[in-house]
Visitor: 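Starting off with a structure, shown below.
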Amino acid sequence: MLLLRSSFPRLASFSVLLLLLLLSAESDAHATQYPGLAGLGANCTGIPKILSYHVHIVYDLYSENQVNAALAFREQTRKDWADVLTPDCDGRYDYGRVCLIYDHPLNTTLLNGPFPSGEWSMFTPLPFVERAVQYFTLNRPLSLSFLLHPNTGCEYMDHSTSALWAGMAWPLNFDIFKNGVQTNEYGQKQGNKGNIVCLAEGTRCGPANDQNLSSKCCAPLSCSACSDGVCTCA
């Protein structure tokens, strides 16, 4: 696991994270999405395909200042990502769009873990990962931790050896996962409707005032059709 402590320069943290990325009922935090399809999909003893990513902002529920900072940052994120953000998701997987996840009260821990702390999260399809790394590394309040991990179905690996932290790395409860065993994303595959790898024609891809934040359009499209402050793939 990569640990980037908050004492490091933020820009250096972003550079390291980006380099690694390029190389590479009741709310239950990670309930099995497709229990009827168990046994299909990921190779959890090898190198599984990355379907999507989760962004987590992690904070101390016993610190009123951290809770307030986390909730305020969530609303700031909503504003800063308004050009591509879609309505909130009530689950965690296979949405095919950028969405803030709301599946538990944000002043409580997730039922059954893996977080021992407060957290809020964002479902991040592959075309938006580079933007997410830039944004959350450089813009989060320093009192909060940022966790980025892939979703492959191999949840033990996703949250441990494949996880990237900026700020303090919180200890997670790995008892809910199984090392080397697929525990989610059964029957899913990279590039399907819920796990897109590029943005189709007409899809919002970034703000018109900062092309550095544009996301990957499907070839031969580019993020170039801009109006009213928002660009789409054309």
Side-chain angles (χ1 to χ4, degrees), residues 17 21 24-25 27-34 41-42 48-59 70-71 73-106 110-115 118-137 139-140 144-155 157-159 162-166 172 176-177 182-200 203-206 213-216:
L17 283 167
L21 283 169
S24 52
S27 54
D28 184 333
H30 295 80
T32 298
Q33 187 80 349
Y34 305 102
K49 296 278 190 181
I50 295 175
L51 303 178
S52 64
Y53 279 82
H54 278 161
V55 164
H56 296 275
I57 296 298
V58 188
Y59 49 95
L71 298 182
F73 183 47
R74 188 173 188 268
E75 293 312 304
Q76 187 61 49
T77 299
R78 190 185 300 280
K79 294 176 183 177
D80 292 342
W81 284 69
D83 55 291
V84 295
L85 195 65
T86 64
D88 289 2
C89 300
D90 59 6
R92 294 192 164 248
Y93 299 94
D94 312 318
Y95 281 93
R97 57 187 175 87
V98 183
C99 58
L100 293 171
I101 296 169
Y102 188 79
D103 61 357
H104 70 290
L106 301 181
L110 278 162
L111 181 67
N112 298 333
F115 296 94
E119 70 86 39
W120 61 259
S121 47
M122 186 171 83
F123 180 80
T124 310
L126 294 179
F128 298 97
V129 173
E130 182 176 346
R131 175 174 174 177
V133 172
Q134 294 183 55
Y135 180 80
F136 288 101
T137 302
N139 290 279
R140 80 183 197 288
L144 310 179
S145 296
F146 163 42
L147 167 62
L148 180 76
H149 70 77
N151 296 316
T152 67
C154 308
E155 294 179 289
M157 179 191 300
D158 292 346
H159 292 80
S162 299
L164 305 176
W165 286 90
L172 303 184
I176 66 173
F177 307 133
Q182 183 175 2
T183 53
N184 215 315
E185 300 285 18
Y186 302 114
Q188 293 294 301
K189 64 179 181 179
Q190 191 181 77
N192 67 5
K193 184 178 180 181
N195 299 289
I196 59 175
V197 296
C198 61
L199 303 178
T203 304
R204 290 187 171 198
C205 50
L213 298 181
S214 64
S215 298
K216 188 172 79 173

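Note that the structure is predicted; figures quoted are calculated from it, not measured.
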Visitor: Working to the nearest 0.5 angstrom, can you tell me the gap between Leu213 CG and Arg131 CZ?
Guide: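 So the gap between those two atoms works out to 5.0 Å.
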Visitor: Check for a donor-acceptor pair, side chain of Thr137 on one end and backbone N or O of Gln134 on the other, with a separation under 3.5 Å.
Guide: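 No, the answer is negative, given that no donor and acceptor are paired below the 3.5 Å cut-off.
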Visitor: Under a 3.5 Å threshold, yes or no: a donor from one side chain and an acceptor from the other, between Tyr135 and Asp80?
Guide: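 Yes, because at least one side-chain N or O of Tyr135 sits under 3.5 Å from a partner of the opposite role on Asp80.
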Visitor: Assess whether salt bridge (Lys or Arg N to Asp or Glu O under 4.0 Å) is satisfied between Asp83 and Arg204, documenting all intermediate values.
Guide: CA-CA 7 Å; Asp83 55 291; Arg204 290 187 171 198; over 6 Å; no
Visitor: Tell me yes or no: between the side chains of Gln188 and Asn195, is some donor less than 3.5 Å from an acceptor?
Guide: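 On atom types as modelled, these side chains qualify, holding a pair under 3.5 Å.
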Visitor: Who are the side-chain contact (heavy atoms from CB on, under 4.5 Å) partners of Cys99, not counting sequence neighbours?
Guide: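 By the side-chain contact (heavy atoms from CB on, under 4.5 Å) rule, Cys99 matches Thr86, Cys89, Tyr95, Arg97, Phe123.
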Visitor: Would Arg92 and Glu119 pass as an ion pair if we require N to O under 4.0 Å?
Guide: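 Here Arg92 pairs with Glu119 in a salt bridge, since their nearest N and O are under 4.0 Å apart.
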Visitor: For Asp158 versus Gly153, what's the shortest heavy-atom pair and its separation?
Guide: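 It is OD2-N, 3.7 Å.
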Visitor: Within this structure, what is the CZ-OG distance for the pair Phe128 and Ser214, rounded to the nearest 0.5 Å?
Guide: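 One finds 10.0 Å between CZ of Phe128 and OG of Ser214.
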Visitor: If every non-hydrogen atom of Leu147 is compared with every non-hydrogen atom of Ala163, which pair is closest and at what distance?
Guide: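 Smallest interatomic distance, heavy atoms only, reads CD1-CB, 3.7 Å.
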Visitor: Step by step, would you call Asp88 with Arg78 a salt bridge (Lys or Arg N to Asp or Glu O under 4.0 Å)?
Guide: CA-CA 10 Å; Asp88 289 2; Arg78 190 185 300 280; 3.0 Å; yes
Visitor: After noting the C-alpha distance and the side-chain angles of Tyr53 and His149, does the key distance pass the ring-ring contact (aromatic ring centres under 6.0 Å, His included) rule?
Guide: CA-CA 6 Å; Tyr53 279 82; His149 70 77; 7.9 Å; no
Visitor: Indicate the atoms forming the closest heavy-atom contact of Ala42 with Thr152, along with that distance.
Guide: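 Ala42 and Thr152 have their closest heavy atoms at CB-O, 3.3 Å.
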Visitor: What is the minimum heavy-atom distance between Phe146 and Arg140, and which atoms define it?
Guide: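 Minimum heavy-atom separation between Phe146 and Arg140: CB-CD, 3.6 Å.
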Visitor: Does any N or O in the side chain of Gln190 come within less than 3.5 Å of the main-chain N or O of Leu51, such that one atom is a donor and the other an acceptor?
Guide: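 Pair absent, no side-chain N/O of Gln190 close to backbone of Leu51.
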Visitor: Phe115 vs His56 aromatic rings, parallel, tilted or perpendicular, using cut-offs 30° and 60°?
Guide: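 Geometry flag for His56 against Phe115: tilted rings.
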Visitor: Mind listing the closest non-hydrogen atom pair of Asp103 and Leu110 along with its distance?
Guide: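 So the two residues come closest at OD1-CD2, 3.7 Å.
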Visitor: With Leu106, which residues qualify under side-chain contact (heavy atoms from CB on, under 4.5 Å), at least two apart?
Guide: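 Result, side-chain contact (heavy atoms from CB on, under 4.5 Å) vs Leu106: Tyr59, Leu71, Arg74, Tyr102, His104, Trp120.
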Visitor: What's the verdict on side-chain contact (heavy atoms from CB on, under 4.5 Å) for Ile57 and Met122, showing C-alpha distance, side-chain angles and the deciding distance?
Guide: CA-CA 9 Å; Ile57 296 298; Met122 186 171 83; over 6 Å; no
Visitor: Going through the checks in order, is the side-chain contact (heavy atoms from CB on, under 4.5 Å) test met by Ser52 and Tyr93?
Guide: CA-CA 8 Å; Ser52 64; Tyr93 299 94; 5.6 Å; no
Visitor: Is there side-chain contact between His54 and Leu148, with at least one heavy-atom pair below 4.5 Å?
Guide: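 His54 does not reach Leu148 side chain to side chain.
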Visitor: Which residues satisfy the side-chain contact (heavy atoms from CB on, under 4.5 Å) test with Ile196, sequence neighbours excluded?
Guide: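 In terms of side-chain contact (heavy atoms from CB on, under 4.5 Å), with neighbours along the sequence ignored, Ile196 is linked to Pro125, Pro127, Leu199.
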Visitor: Looking at CD1 of Ile50 and CG of Leu126, how far apart are the two atoms once the value is rounded to the nearest 0.5 Å?
Guide: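 One finds 7.0 Å between CD1 of Ile50 and CG of Leu126.
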Visitor: Is any side-chain heavy atom of Val98 less than 4.5 Å from a side-chain heavy atom of Thr124?
Guide: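 No; the side chains remain at least 4.5 Å from each other.
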Visitor: Starting at OG1 of Thr77, measure out to CG of Asn139 and round the result to the nearest 0.5 Å.
Guide: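 Those atoms lie 8.0 Å apart.
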